[in-house]
Amino acid sequence: MSTIVALGAEKHAATSLALAYPECDVVFVSDCDILDGGDLHNVRMIRADPGEMPVLSAEVDHAVPLCPRWIGEDYALSRTFERLERLLPGCCLPVQTGFPSRGEWMVKGDRWHRPDAPISGNFRHVADVTDVHDCGLIYQRYCNPEGTIIVVGRRQDPGAVLFGIIKVLEERFFRDVILQAGETINAGDIAELSLNILDALDHRGFFTLNWLRTSDGPKLSSVRPVPRAVFQTFRRGGVDLLGAASTVKVVPPGLRFIADPTYTSFARLCA
Amino acid sequence: VKNVMVLSGTASAINYIKSFIGDPDVRLHVTDSDPYCPGLYAPAVTPHWLPRARDTARYRQALDCLLAEQAIDVLIPTSDYDVEGVIHYLHDGWTPNVAMFRPSFEAHHVLGHKGRLMAHLYERLPSIVPRTWSEPAKCRDLPFPVVVKPTAESGGKGVTIVRERADLPAAVARIRELYGEQFMVQQFIPGRTYIVSMVYDHDGRLVVAAGMRSHLTFFTWGGGGCAGEMVDEPDLLRLCADVAAAAGGWRGPINFEWRRHAETGAFYLMEANCRLNGYSYLTTMNGICLPRIVLALLTGEPLPVVSTPPQHSRNFVLGFRERLIDHWIAVQP
């Protein structure tokens, strides 16, 4: 039986991973002491800190980071978008680290998703938001999109990419952002743009690209080096995100999913 | 077989759905205005889309149609908006041919609004009421931190904890943009969140009360619980009964959210919600099936046996698990 280590298992994607790979031993690793998933037959849980990541992911079949906190490299959105603006001008909704002086803005986490409900509004109305989660704060022009699409996958090498394109029908924002409902779609323009961006960054590993459909065409609003809770959907569509990639393979359209509220008992993880 | 309709398919509705699944005597209908609401996709549920309860005329018309078409016997609203919509409809003379609780309009008017409830209790039960300010800009001596929150929402929507005076204008401006003047500034009570869910019968007599507390909250700053356990707090149950009585009494399910002060141990009332609480399935996990009690009171059947505190040993954590579905339910244009 192969072993998957899920790093940052407090994230919504952790149980998605465990449910998608019932034949694997899945180790949930987190620095939070209460986690969902203790009832799943293939799940074990370990409490650890992100600094222990190299040890935990050594000599396992698959290490899957579910939160950028558990990745040593710097994937700050501000730096990624700065690079993309040089390489592919106009593809992103720009972000800035400095506090804005006019207009409508959304406050985001720079190194990882800022927990809790999204905060947006006139620049004066977001003046009280502080970086209590140490994720770094960035400001992005508020945009009321016609739709939100995420591209989730893993890029192994140039030309070896597994991914799916998901129309986000509903998200819920708590400590983590919950992908409440979505459906895989065909979107040739988004697929092409996403592959261009991954190539430009020469990104390796898991990714989630967040696209907004705007009157000015699709705009990239974030890039995170982690997957979302879509492992079962992708496997149903014939795409195994943990498997070896040799070509570009896309999840077929028409697969629908929801996030189902589940109640289970827990035992606190001890340090 | 009874046709039972649960209005809204999330939060406390999940307790009803999980409690009634597999009962051959219940055909469960679930409604929601959100076609992606998880309760609509639960096994053995007959799903229906309804307009939002705030769209009063459309909601009433669609609800009446559904009750007739589906031959509904029992109606249970489970969201704040549905409870409010149904109570206002009853107040306007609605007489549906279904079994349902009919609490007084006046009691709901007080209990269903944080600002009115706090004002109502300020003279009757002052020790449990956190200090509140409706015009914070005029108060020079606000004891920070304070909580800025809407008066008629629940689930942590629109809430900000303000730690310094300098941050108050932005928080107030943001909430005004969303809720107009329907907000309040409240004393911040440090400590854990407790919930008491209660069920009153048609005559306003308390049938059951169950206390719970949170180990983990939905938001990093607090809010509703997403992990917790049951507690044996008889004094808190008495306080809840006092609050309900002070508001004129209640009929049906209701829950009260409290903060227990971390230093003094005193309980402070945060809000009342005229339905079971979102994570009331915890009580069902521990042998107190509140949905069964609600259904028995509505149908006149014998009340189910409930467990006692020594048996309340199971805790809970709420997860959201990816589940594939075949198709989305249809939304009426």
Side-chain angles (χ1 to χ4, degrees), chain A residues 12-20 32-40 114-117 119-130 132-133 169-170 172-176 178-183 228-233 236 255-268, chain B residues 10-11 14-15 17-18 34-42 156-160 162-164 166-178 215-221 223-224 226-227 229 278-279 281-282 284-285 313-328:
Chain A
H12 179 206
T15 53
S16 164
L17 182 63
L19 289 164
C32 301
D33 62 352
I34 299 176
L35 300 182
D36 178 33
D39 60 318
L40 299 175
R114 195 186 69 82
D116 302 333
I119 296 180
S120 63
N122 179 275
F123 74 100
R124 289 190 190 88
H125 300 176
V126 299
D128 61 321
V129 182
T130 53
V132 292
H133 307 292
L169 298 166
E170 193 163 298
R172 300 172 77 189
F173 298 90
F174 306 127
R175 285 175 182 265
D176 189 16
I178 306 296
L179 195 45
Q180 178 59 50
E183 179 170 344
R228 299 285 300 272
V230 291
F231 287 98
Q232 289 192 97
T233 304
R236 177 76 65 88
L255 295 167
R256 304 170 185 92
F257 62 89
I258 59 161
D260 209 9
T262 311
Y263 289 77
T264 51
S265 291
F266 66 88
R268 281 183 188 273
Chain B
T10 188
I14 302 301
N15 190 2
I17 293 166
K18 288 183 185 294
D34 174 3
Y36 308 116
C37 164
L40 297 176
Y41 301 95
K157 290 190 200 87
V159 176
T160 304
V162 179
R163 303 200 175 273
E164 295 174 29
D167 293 334
L168 187 63
V172 168
R174 200 162 55 238
I175 201 167
R176 275 208 169 103
E177 203 165 84
L178 292 169
H215 287 302
L216 189 67
T217 51
F218 272 106
F219 302 101
T220 57
W221 52 261
C226 57
E229 64 183 353
Y279 67 78
Y281 186 64
L282 171 65
T284 302
M285 291 166 73
S313 59
R314 290 191 66 193
N315 62 16
F316 88 100
V317 58
L318 176 61
F320 294 91
R321 298 196 180 166
E322 179 195 11
R323 183 156 69 82
L324 279 99
I325 57 164
D326 294 329
H327 59 268
W328 305 117

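Computed over heavy atoms, backbone and side chain alike; hydrogens, waters and symmetry mates excluded. Sequence lines set the chain letters: A, B, ... in the order given, protein chains first and strands last, and positions in each chain run from 1.
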Handout entry: Check against ring pair (Phe, Tyr, Trp, His ring centres under 6.0 Å), B:Phe316 and B:Tyr281
Key = CA-CA 9 Å; B:Phe316 88 100; B:Tyr281 186 64; 9.1 Å; no

Exercise for the section: Check the pair A:Ile119, A:Arg114 against side chain to side chain contact (heavy atoms under 4.5 Å, CB included), reporting the backbone distance first and the verdict last. Expected result: CA-CA 10 Å; A:Ile119 296 180; A:Arg114 195 186 69 82; 3.3 Å; yes

Problem - Derivation of the side chain to side chain contact (heavy atoms under 4.5 Å, CB included) call for B:Arg163 and A:Thr130 - result: CA-CA 11 Å; B:Arg163 303 200 175 273; A:Thr130 53; over 6 Å; no

Exercise for the section: Could you walk me through whether B:Arg323 and A:Phe257 pass the side chain to side chain contact (heavy atoms under 4.5 Å, CB included) test, one step at a time? Expected result: CA-CA 5 Å; B:Arg323 183 156 69 82; A:Phe257 62 89; over 6 Å; no

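Residue B:Leu324 touches chain A through both its backbone and its side chain, counting heavy-atom pairs closer than 4.5 Å. Contact annotation for A:Pro115: only side-chain heavy atoms (C-beta onward) come within less than 4.5 Å of a heavy atom of chain B. For chain B, no part of A:Val132 is nearby; none of its heavy atoms comes within less than 4.5 Å. Of the two parts of A:Ser16, the backbone and the side chain both hold a non-hydrogen atom closer than 4.5 Å to a non-hydrogen atom of chain B. The part of A:Leu19 that comes within reach of chain B is its side chain, from C-beta onward, which places non-hydrogen atoms under 4.5 angstrom from that chain. Looking at A:Ile258, both its backbone and its side chain come within 4.5 Å of chain B, counting heavy atoms on both sides. Of the atoms belonging to A:Leu40, it is side-chain heavy atoms, and not backbone ones, that fall under 4.5 Å from chain B. Contact of A:Ser120 with chain B is made through the backbone alone, with heavy-atom distances under 4.5 Å. The part of B:Lys18 that comes within reach of chain A is its side chain, from C-beta onward, which places non-hydrogen atoms under 4.5 angstrom from that chain. Proximity to chain A is limited to the side chain of B:Asp34, based on heavy atoms less than 4.5 angstrom apart. A:Leu179 does not touch chain B: none of its heavy atoms, backbone or side chain, sits under 4.5 Å away. For A:Arg236, the part lying near chain B is the side chain, with the backbone staying farther off; criterion is any non-hydrogen pair under 4.5 Å. With a 4.5 angstrom heavy-atom cutoff, B:Thr160 touches chain A only via side-chain atoms.
With sequence neighbours excluded, the residues forming a side chain to side chain contact (heavy atoms under 4.5 Å, CB included) with A:Thr262 are A:Thr264, B:Arg321, listed by chain and number. Residues satisfying the side chain to side chain contact (heavy atoms under 4.5 Å, CB included) test with A:Asp116, not counting sequence neighbours, are A:His133, B:Phe219, B:Thr220, B:Trp221.
When all heavy atoms of B:Cys37 and B:Thr10 are compared, the closest pair comes out as SG-N, 3.8 Å.
Of the listed residues (A:Ile34, A:Val126, A:Leu169), the one with the most heavy-atom contacts under 4.5 Å to chain B is A:Leu169. Interface summary for chain B: among A:Ala117, A:Ala267, A:Ala229, the most heavy-atom pairs under 4.5 angstrom belong to A:Ala229. The most heavy-atom pairs under 4.5 Å with chain A, out of B:Glu229, B:His215, B:Glu164, B:Arg176, come from B:His215. With respect to chain A, the highest number of heavy-atom pairs below 4.5 Å among B:Val172, B:Leu168, B:Asp326, B:Ile325 belongs to B:Ile325.
From A:Arg175, atom CZ reaches atom SG of B:Cys226 across 6.0 Å, with rounding to the nearest 0.5 Å.
By the 4.5 Å heavy-atom criterion applied to side chains, A:His125 and B:Glu177 are counted as neighbours. A:Tyr263 places a side-chain heavy atom less than 4.5 Å from the side chain of B:Leu318.
A donor atom on one side chain and an acceptor atom on the other are not found under 3.5 Å apart for A:Thr15 and B:Glu322.
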